[in-house]
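Only one structure is covered here, and it is reproduced in the block below.
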Amino acid sequence: MSLERQIERLNPPQREAVTAPGQTALVLAGAGSGKTRVLTHRIAWLIEVERAAPLEILAVTFTNKAAAEMRERIGQLVPLPPRGMWVGTFHGIAHRLLRAHWRDAGLSETFQILDSDDQQRLIKRLLKELGDETLKPAQVAAFINARKDEGQRARHVDTQGFADRAVLAELYRRYEAACERGGMVDFGELLLRSNELWVQQPVLRDHYRRRFRHILVDEFQDTNALQYAWLRNLAGPDTSLFAVGDDDQAIYGWRGAKVENMREFERQFPNVKVVRLEQNYRSTGTILAAANALIAHNRERLGKNLWSDAGSGEPIRLYAAYNEQDEARFVVEQIEAWTAAGNPRSEAAILYRSNAQSRAFEEALMVRRIKYRVYGGQRFFDRAEIRDALAYLRLIANPADDTAFERVINQPPRGIGDKTLDTLRGEARASGLPMWEVLTRLLQGGGLTGRTAAALGGFAQLIQSLRAACQGQPLMDQALMAIRDSGLKEHHAKDVDGRGEGRVENLDELVNAASLFVNEEEDLDELTAFLSHAALEAGDAQGEAGADCVQLMTLHSAKGLEFRQVFLVGVEEGLFPSQRSIDDPARLEEERRLCYVGLTRARERLCVSYAESRRIHGETRPAMASRFIEEIPAEHLTEVRLRGTVDRPMSTRPSGGFERGSYGHGGSRSDWSPGRRDGGRADLQPPPRRVSAWNDPPKAPDSDSGLWVGQRVRHGKFGEGVITDLEGQGPRTRVQVKFAGAGSKWLMLDMAGLTPA
DNA sequence: GAATGGTGTAGGTGA
DNA sequence: TACACCATTC
C-alpha cells in the first residue's frame with residue numbers, strides 16, 4: 001500500500017502529527033493511541049514526502065526492544081531499507097558517537113563499558129580503600145549515577161552543609177579516576193561524555209547538527225536531565241525535533257526521569273506544535289473509563305482523556321483472595337477457563353508490582369502444568385559465568401581493564417587470595433598503573449615468594465598466551481579459547497552445587513552467540529563490538545520463536561505491551577502503592593500512573609485482585625485492598641466470589657469499603673516451594689529469554705512407577721519436591737526432581753525411595 | 001586459600 | 001523465603 005493511502009487511514013490527530021510542518025512537535029500520545037504508528041509514519045513521510053535523506057534522521061528510544069520494533073515497522077513502510085538512518089537507544093547512540101570520536105572525547109581507543117555489576121564491584125573496592133564501613137556500594141552507585149543523570153561530575157558536587165556528601169563526592173572522584181585509568185565507561189558516562197563532546201567541541205556538534213536535521217524521540221516523558229540536555233545541544237536552530245510521550249505513563253521518576261521535560265519542551269522551543277492523541281484503539285470502554293477515573297486522581301497532569309468508539313465490553317472483575325496462594329489459584333483457574341475456550345495462553349498476562357510476587361503464580365501454573373514465561377529477572381549476559389568469560393575477553397582486548405582483571409584473576413580459583421590482591425592493588429594505586437602492568441613488572445622484578453609467584457606467573461602466562469592466540473582469530477574461536485584455556489568450563493563442569501551443568505551450557509551458548517554475532521559497526525574490531533553489544537543489550541534479543549506461554553511480568557516491563565486478558569494482582573495498600581511511596585504525594589502519583597499503565601494493557605478482559613493476607617519476607621501479614629481499587633468507579637467492577645457462590649455486581653455493595661469475608665478457601669497446601677526460576681535446565685536454550693521448565697508438553701504418567709511429571713514427592717534426605725522429568729523404563733527409570741531446598745536432582749527411581757507427598 | 005555455616009536484609013528498571 | 005556477606009574451620 002502506498003504511503004499516501006497509509007496516511008489516509010490515520011485518524012485526524014495522528015495525521016496532523018505525522019504531516020506536521022515546522023521545527024518542533026510534541027505529541028501527547030495516550031495509551032493505545034497509536035504512538036509507534038505515528039512515529040514510524042512520520043519517518044516514512046519525512047523520507048518520501050519531505051525528501052529527507054535517511055542519514056539526516058535520528059530516532060531515539062529507551063529500550064532495545066522499542067528500537068528494534070521501530071526499525072522493523074519503518075522497514076514495512078518504506079520500499080528501500082533506509083541506509084544511514086540512526087535508530088537506537090540513547091545509550092547505543094552515545095556509544096556510537098564515542099567510538100567514532102574517542103580521541104576528542106578523551107578516551108582510549110579500547111575503552112570498555114562498565115555495567116552496573118562491574119560498577120558496584122569497583123565501588124566496593126574504593127570503599128575498602130577509603131576504610132568506610134557505613135556506606136553500601138549500591139548507595140554510592142546510586143549517588144554517582146544520579147549525579148551523572150543530572151550532568152554533574154565529581155568536581156561539581158556541592159558538599160556544602162552535608163556531612164556525608166563530602167565522602168560521597170570523594171568516592172565519586174576516586175571512581176572517576178579509576179575509570180579513567182582503566183579505560184572504563186559506565187552507562188551514565190556514555191551520555192555524559194557525549195554531551196560534553198557537544199559542549200567542548202562545537203565544530204563536531206555543528207557537524208552533527210547539520211547532519212541530523214530530523215530528530216525523533218520516543219517515550220519523551222522518561223528522559224532525564226542529561227538526556228534532555230543532550231537533545232537540546234544536538235538540536236540546532238534548523239533541526240526539527242519530534243517528541244512523543246505520555247505524562248500519564250511516566251513511571252521512572254525514581255531513576256531520574258523528569259516528566260517536567262514535557263512542559264519545559266513547550267516553553268523552550270518556540271512554536272511547538274502540540275498534538276493530542278486521545279482515541280484509544282486497544283481497550284473496551286469499561287477498561288478505559290476505569291483507567292480515566294483512576295488517573296483523574298492525579299493533580300500533576302498535562303490533561304488528556306482517552307476515549308474509544310468500541311463497545312463497553314464486560315465489567316472488570318475484582319477478586320478478594322484469602323492469601324497469595326488463593327490469589328494464584330484463582331488466576332490460574334481463570335486462565336484454564338480462558339484456554340479451554342480456545343484462547344491462546346500468550347494473550348493472558350499476569351502483572352505485578354514486584355518480581356518476588358511471580359513466585360506464587362509460577363508454583364500454581366507449574367502444578368496445573370500450564371506453560372508460562374517470566375520476563376525480567378536475570379538475563380543471559382548477566383549470569384556470573386558469562387560475565388567471567390567476558391571478563392577474560394575484555395582483559396585480552398584491553399589490558400588496563402582492572403575490573404575485568406579483578407574478576408578473573410582467581411576465577412576459577414588458582415590460589416591467589418586477598419593478601420596477594422591487596423599487594424597488587426596497593427602497587428597499582430601508588431604507581432597509577434593498571435593492575436596487569438603491575439603484575440608483569442612484579443613478576444619481572446622477581447620479588448615474589450614461591451607459591452604466590454607460581455600462581456601469579458601462571459595467570460600472567462595464561463593471559464599472554466590467550467592474547468597471542470586470539471590475535472586475528474574469528475570471534476567464536478576467541479570465546480572458545482577463553483572459556484577452555486582459562487579453566488572456567490572445567491571448573492563449572494565439576495558441578496559442586498548442582499547448577500554447574502547449566503553453567504556449562506551457558507558457556508557453550510556464549511560460544512554460539514559469538515559465532516552468530518554480526519558486527520555492524522564497520523570501524524570497530526569484532527571483539528570490541530561484541531563486548532559492547534553484551535553490555536548494551538544484556539541478552540533480551542529479538543527473534544525468540546515465542547511458544548504459547550502465559551506472560552508474567554512486572555508492571556514496569558509491561559509498558560508498551562498489550563494483552564487480551566490481563567490480571568492485575570497484589571493490588572494492596574503497602575504493596576501497590578508500595579509502602580515507601582505512600583507518604584510522598586509525588587511518588588504516590590507515580591504509583592498511580594503505574595496502575596494506569598497496568599489497566600490500559602488490557603484489551604478485552606481485566607481482572608484485579610488482592611489478598612487479605614500475604615507472606616512477605618517469610619512473614620505473614622494482613623493486607624487491605626489498595627486505594628486504587630476504590631478509585632475505580634464501582635459501576636465498572638464486579639466482585640467475583642469463590643466457586644459455588646454467585647457473582648454480584650459491585651454497585652450493589654454497601655457504600656464504603658469492601659466486604660472482607662473469611663470465606664473458606666481452597667485448603668492451603670503445604671508450604672512447599674520449588675527452587676527459584678533458575679533451577680531447571682529447559683530454560684537455557686536460546687540466550688534471549690528464559691522459558692520455564694514446563695515448556696515440554698507434560699509427559700504421560702509412567703505406567704511402571706505410577707509417578708508422573710508434576711507429582712509432589714518426598715525424599716528421605718532432600719525433603720519435598722516436584723517431579724520435573726522422567727526418563728527410562730523399569731528398574732532403569734530416572735526421575736528429575738526439583739526440591740524445595742536442595743535444587744534439582746536426577747535420581748535413580750529404584751534407589752531414591754521416593755514416596756508421594 | 002577454599003569451603004562451610006550463621007546472620008542480616010529485602011523496589012520497580014534500563015542502557 | 002532467599003540471597004549476600006562475614007566469620008570460622010579445614
Side-chain angles (χ1 to χ4, degrees), chain A residues 60-67 88-95 113-117 119-120 124 133 136-138 142 145 148-149 185-191 219 222-224 226-227 251-257 324 351-357 359-360 363 375-379 381-382 384 410-421 451-452 455 496-497 532-540 553-560 570 574-581 587 590-591 593-594 597-598 614-620 671-679 740-741 743:
Chain A
V60 201
T61 63
F62 277 83
T63 65
N64 288 303
K65 203 159 109 195
T89 63
F90 273 105
H91 292 88
I93 284 161
H95 174 249
I113 298 170
L114 201 68
D115 65 31
S116 29
D117 188 74
Q119 187 186 38
Q120 292 206 18
K124 205 168 157 188
E133 299 200 336
K136 284 183 223 143
N145 294 337
K148 291 195 179 187
D149 283 348
V185 171
D186 66 32
F187 290 126
E189 187 74 21
L190 287 170
L191 281 161
E219 307 274 16
D222 287 334
T223 47
N224 63 33
L226 178 56
Q227 287 158 338
I251 55 177
Y252 286 107
W254 49 273
R255 213 165 69 186
E324 75 273 12
L351 310 182
Y352 35 77
R353 177 67 180 85
S354 70
N355 269 319
Q357 289 168 257
R359 188 190 188 112
E363 285 174 21
Y375 284 78
Q378 208 182 30
R379 282 164 305 181
F381 287 116
D382 283 338
N410 202 33
Q411 179 64 21
R414 43 174 76 88
I416 300 165
D418 283 341
K419 263 178 85 180
T420 314
L421 261 171
R451 213 169 55 180
T452 318
V496 271
D497 60 356
S532 303
H533 165 82
L536 288 171
E537 310 192 21
D540 208 337
M553 67 191 80
T554 61
L555 287 154
H556 281 93
S557 42
K559 188 164 76 156
L575 186 63
F576 190 26
S578 90
Q579 194 58 49
R580 289 148 81 158
S581 305
R587 290 167 70 161
E590 182 153 308
E591 296 274 322
R593 291 193 291 267
L594 192 55
V597 166
R614 181 175 297 273
R615 212 180 154 91
I616 294 173
H617 306 323
E619 193 190 352
T620 303
D671 225 13
W672 172 83
S673 58
R676 239 338 235 184
R677 305 172 197 143
D678 273 345

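The chains referred to below are lettered A, B, ... by the order of the sequence lines, with proteins before strands, and numbering in each begins at 1. Remember, predicted model here, so these are calculated numbers, not experimental data.
Note: A/Tyr252 and A/His556 have tilted aromatic rings, judged against thresholds of 30 and 60 degrees for the angle between ring planes.
Residue A/Thr554 has a polar side-chain atom (N or O) positioned under 4.0 Å from OP1 or OP2 of B/dT13. Residue A/Lys65 places none of its side-chain N or O atoms closer than 4.0 Å to OP1 or OP2 of B/dA15. Within the structure, every side-chain polar atom (N or O) of A/Asn410 is placed at least 4.0 Å from both OP1 and OP2 of B/dG1. Dashed line: the shortest gap from a side-chain N or O of A/Thr420 to OP1 or OP2 of B/dG1 is under 4.0 Å. Note on A/Asn355: a side-chain N or O is less than 4.0 Å away from OP1 or OP2 of B/dT13. Between A/Arg615 and C/dA2 there is no side-chain polar atom (N or O) within less than 4.0 angstrom of OP1 or OP2. One finds no side-chain N or O of A/Arg414 lying less than 4.0 angstrom from the OP1 or OP2 phosphate oxygen of B/dG1.
Of all non-hydrogen atoms in A/Arg414 and A/Ala455, the two that sit nearest each other are O-CB, 3.4 Å.
Heavy atoms of A/Gly417 sit under 4.0 angstrom from primed sugar atoms or phosphate atoms, though from no base atom. Among the atoms of the strands shown, only primed sugar atoms or phosphate atoms (P, OP1, OP2) are found under 4.0 Å from some heavy atom of A/Ser354. As judged by a 4.0 angstrom heavy-atom cut-off over every strand, A/Lys124 is placed among residues touching the sugar-phosphate backbone only. At a threshold of 4.0 angstrom between heavy atoms, the contacts of A/Gln357 with the nucleic acid are absent.
Aromatic stacking is not marked for A/His91 over B/dG14, as the cut-offs of 5.5 Å for the centres and 30° for the planes do not both hold. A stacking contact between A/Phe62 and B/dA15 is absent: the pair does not combine a ring-centre distance of less than 5.5 Å to the base's six-membered ring with planes differing by less than 30°.
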Criterion salt bridge (Lys or Arg N to Asp or Glu O under 4.0 Å) on A/Glu590 and A/Arg593, from CA distance to verdict: CA-CA 5 Å; A/Glu590 182 153 308; A/Arg593 291 193 291 267; 3.4 Å; yes
A/Glu363 and A/Arg359: CA distance, side-chain angles, deciding distance, salt bridge (Lys or Arg N to Asp or Glu O under 4.0 Å) verdict: CA-CA 6 Å; A/Glu363 285 174 21; A/Arg359 188 190 188 112; 3.3 Å; yes
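Nucleotide B/dG12 holds its C1' atom 15 Å from the CE atom of A/Met553, rounded to whole Å. Between A/Tyr252 atom OH and B/dG11 atom C1' the separation is 12 Å, expressed in whole Å. To the nearest angstrom, P of B/dG14 lies 16 Å from CG of A/Asp117. Rounded to whole angstrom, the span from the CD atom of A/Gln119 across to the C1' atom of B/dA15 amounts to 12 Å. Taking atom CZ of A/Arg580 as the reference point, atom C1' of B/dA10 lies 8 Å away to the nearest angstrom. A straight line from CD of A/Glu219 to P of B/dT13 spans 16 Å, rounded to a whole angstrom. Protein atom NE2 of A/His556 is 6 Å distant from nucleotide atom C1' of B/dT13, rounded to whole Å. In this structure, the CG atom of A/Leu421 is 10 Å from the P atom of B/dA2, given to the nearest Å.
In this structure, a donor-acceptor pair under 3.5 Å is present between the side chains of A/Ser354 and A/Gln357.
Toward the 5' end of DNA chain B, the nearer of the two residues A/Glu590 and A/Lys419, judged by each one's closest nucleotide, is A/Lys419. With the nearest nucleotide of DNA chain B identified for both A/Thr63 and A/Ser581, A/Ser581 has the one nearer the 5' end.
From A/Phe187, atom CZ reaches atom CG of A/Leu536 across 6.0 Å, with rounding to the nearest 0.5 Å. Between atom CG of residue A/Leu226 and atom CG of residue A/Leu190 there is a gap of 10.5 Å, rounded to the nearest 0.5 Å.
Side-chain contact between A/Gln579 and A/Ile616 is absent, with no heavy atoms from C-beta onward closer than 4.5 Å.
The side chain to side chain contact (heavy atoms under 4.5 Å, CB included) search around A/Thr63 returns A/Lys65, A/Ala66, not counting sequence neighbours.
Proximity note for A/Ser557 (side chain, C-beta onward) versus B/dT13, B/dA15, B/dA10: the nearest is B/dT13. For A/Arg359, taking side-chain heavy atoms from C-beta onward, the closest of the listed nucleotides B/dA15, C/dT1, B/dT13 is C/dT1.
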Dot-bracket for DNA chain B, please. Rules: Watson-Crick or G-U, both distances under 3.5 Å, ( ) within the strand, [ ] when a pair crosses earlier ones, | for another strand, . otherwise. ||||||||||.....
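One cannot find a donor-acceptor pair under 3.5 Å joining the base of B/dG14 and the side-chain atoms of A/Glu537.
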